[in-house]
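Okay, structure first, notes after.
Chain identifiers are assigned alphabetically (A, B, ...) following the order of the sequence lines, protein sequences preceding nucleic acid strands; residue numbering begins at 1 within each chain.
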Number of protein chains: 2
Amino acid sequence: MARNVEFDESLAIQKAMEVFWKKGYNATSLRDLTDAMQINSSSLYNTIGDKQELFVRCVQHYTDIRKQDWEKRLASKRSPLAVLVDYIHEAVKVIINGEDSCMAVKSAFEVATNDERVKQILAADDQRCYQFLHDLIKKSMDKGEIRNDEDPALLADYFNSTWTGWYESFILHRDPVKIKRMAEYFIRQLTK
Amino acid sequence: MARNVEFDESLAIQKAMEVFWKKGYNATSLRDLTDAMQINSSSLYNTIGDKQELFVRCVQHYTDIRKQDWEKRLASKRSPLAVLVDYIHEAVKVIINGEDSCMAVKSAFEVATNDERVKQILAADDQRCYQFLHDLIKKSMDKGEIRNDEDPALLADYFNSTWTGWYESFILHRDPVKIKRMAEYFIRQLTK
DNA sequence: AATATTATGAAACGTTTGTTTCAGAATTAG
DNA sequence: CTAATTCTGAAACAAACGTTTCATAATATT
């Protein structure tokens, strides 16, 4: 027998995520957040909680979106190698055209070292990406699309950790050609 | 005709660097810094400047140390491949045993996106690491120590960006074996 | 329609932030 | 020794921080 929450919580989380993504955890103030979310701080504290809790929810939201993307790609009818190559090309596009870097990577270095919950969420996200790559590599090997003289688990680990450096490179040099060349080498390693 | 600065400036920079390295730029307060440096904030502002200026000096100091290390390794009498492999193994040790992640990487993601001077310093540092790798790879190819069917500039770029992901992986999973296996694969790519 | 309950907005909370001030201690040059 | 200059330490600064309070508005249930 009382009123309901007025604002759309998932939309508010989305808006907060965008701010955290761009500025990072520590450089984002609560006013930055409530401005973007268009809610009062009392509403924030009544529903979601404090800044840390909000950040956890935002990181969770960020990784949820990625999870859905990987699941959709794995369900594709195309050949595993085609899905893998397509994914790499889209990753390059995101790095080159995206205004901001990857929120998962930024949060891993800035927050995961101090916040156990954020670390768990990002570790789970990383594990899913590994699984995504491992599935595609294994299937490609079984179908004879790529060479199979290396352990697919090792390749998945290696490739999974590779993107991170591409983000750093693009932050420092803003050279799209450099990223594209590395991606081509990346794919060549598998196929030749 | 007046007194001199009392504290050792380079020692103070070193101490400040350690704090920034561990906590990151935004999570570090000026009191954290003056406590570690064991100086009063007035002395800090009189000699070095504000927080941003101090951070720039710390990042510069961090990259200076790396520069010296690369120069020393390049001057080695051993074979280029041996120097390269040795460097990779030591990089793995640093990742696995180091309490904190790489300050250059952390700063690239947290600060370089907003601070042009930090970005320039880190870009120059990255360029030097590229040059270090390129020199060793080129020489190894010329001596016939490794395969030469790929462009050494491309390999240097690719390898240079690879470490960053290893740091992220270790933050999230703390699995030394994983890092070691990736390093072995890394070396295998060159030699076989 | 009355009532109990909850969400909201504005203001205020005590801390902490980065930075500045300034009197006095220290030191060098004449 | 004197005097001019500079460094230091403690205190204070306003602004911004994350968070809480509370009166009021809103609504679902009876």
Side-chain angles (χ1 to χ4, degrees), chain A residues 1-60 107 110-111 113-118, chain B residues 1-60 106-107 110-118:
Chain A
M1 23 172 139
R3 67 196 280 203
N4 294 326
V5 177
E6 221 171 54
F7 68 97
D8 181 342
E9 192 170 305
S10 67
L11 183 68
I13 294 283
Q14 170 74 28
K15 289 293 177 190
M17 184 195 74
E18 287 167 14
V19 181
F20 275 135
W21 187 350
K22 184 183 212 106
K23 311 188 75 171
Y25 178 78
N26 287 292
T28 300
S29 75
L30 240 108
R31 267 132 188 114
D32 291 334
L33 293 165
T34 49
D35 283 355
M37 299 166 85
Q38 301 211 70
I39 61 170
N40 191 275
S41 58
S42 72
S43 297
L44 172 60
Y45 278 82
N46 272 339
T47 52
I48 296 165
D50 62 11
K51 193 187 174 189
Q52 278 207 69
E53 188 66 41
L54 176 59
F55 186 74
V56 167
R57 295 278 297 272
C58 289
V59 174
Q60 186 65 258
S107 303
E110 194 196 348
V111 187
T113 35
N114 304 313
D115 188 314
E116 188 62 29
R117 293 165 69 199
V118 171
Chain B
M1 18 171 138
R3 70 195 278 205
N4 294 328
V5 177
E6 220 171 54
F7 68 96
D8 181 343
E9 191 169 306
S10 67
L11 183 68
I13 293 283
Q14 170 74 28
K15 289 293 177 191
M17 184 194 75
E18 289 167 12
V19 181
F20 275 134
W21 186 350
K22 184 182 212 106
K23 309 188 76 171
Y25 178 78
N26 287 292
T28 300
S29 75
L30 241 110
R31 269 137 187 106
D32 291 334
L33 294 165
T34 48
D35 283 357
M37 300 166 85
Q38 301 211 69
I39 60 169
N40 191 276
S41 58
S42 72
S43 296
L44 173 60
Y45 277 81
N46 272 340
T47 52
I48 296 166
D50 62 11
K51 192 188 173 188
Q52 278 208 67
E53 189 65 42
L54 176 59
F55 186 74
V56 167
R57 295 279 296 274
C58 289
V59 174
Q60 186 65 258
K106 289 178 73 172
S107 303
E110 194 196 347
V111 187
T113 37
N114 303 314
D115 187 315
E116 188 60 31
R117 292 165 70 199
V118 171

Interatomic distance where CD1 belongs to A:Ile48 and C1' belongs to C:dA7 [whole Å]:
14 Å
Looking at the side chain of A:Ser41, which of D:dT8, D:dT19, C:dT20 is the nearest nucleotide?
D:dT19
In whole angstrom, give the distance that lies between atom OH of A:Tyr45 and atom P of D:dC22.
17 Å
A:Phe20 ring centre to A:Lys51 NZ or CZ under 6.0 Å, with the angle to the axis within 45°?
no
Separation of atom CG in A:Leu30 from atom P in C:dT16, rounded to whole Å
17 Å
Side chains of B:Lys106 and B:Tyr25 in contact at under 4.5 Å (non-hydrogen atoms)
no
Strictly distance-based, threshold 3.5 Å: is any side-chain N or O of B:Asn46 a donor or acceptor partner for the main-chain N or O of B:Ser43?
no
A:Thr34 near the nucleic acid: base, sugar-phosphate alone, or nothing, with a heavy-atom cut-off under 4.0 Å?
nothing
To the nearest angstrom, the CG-P distance between B:Asp8 and D:dC7 comes to 16 Å
If you pin A:Ser42 and A:Tyr25 to their nearest nucleotides in DNA chain D, which one's is more 5'?
A:Tyr25
Spacing of A:Leu44 atom CG relative to C:dA7 atom P, expressed in whole Å
13 Å
Would you say a side-chain N or O of B:Ser43 is under 4.0 Å from OP1 or OP2 of D:dC7?
no
What is the separation between atom CZ on B:Phe7 and atom P on C:dA26, rounded to the nearest whole Å?
18 Å
What nucleotide, of D:dT8, C:dT8, C:dG9, holds the atom closest to the side chain of A:Asn40?
C:dG9
Taking side-chain contact (heavy atoms from CB on, under 4.5 Å) as the criterion, tell me which of A:Val19, A:Leu11, A:Ile48 meets it with A:Met37.
A:Ile48
Atom CG of A:Leu54 and atom C1' of D:dC17: how far apart are they, to the nearest Å?
16 Å
Which sits closer to the 5' end of DNA chain D, A:Asn46 or A:Asn4, going by the nucleotide each is nearest to?
A:Asn46
B:Glu110 side chain to A:Glu110 backbone, donor-acceptor under 3.5 Å
no
Can you tell me how far P of C:dT19 sits from CZ of B:Arg31, to the nearest Å?
11 Å
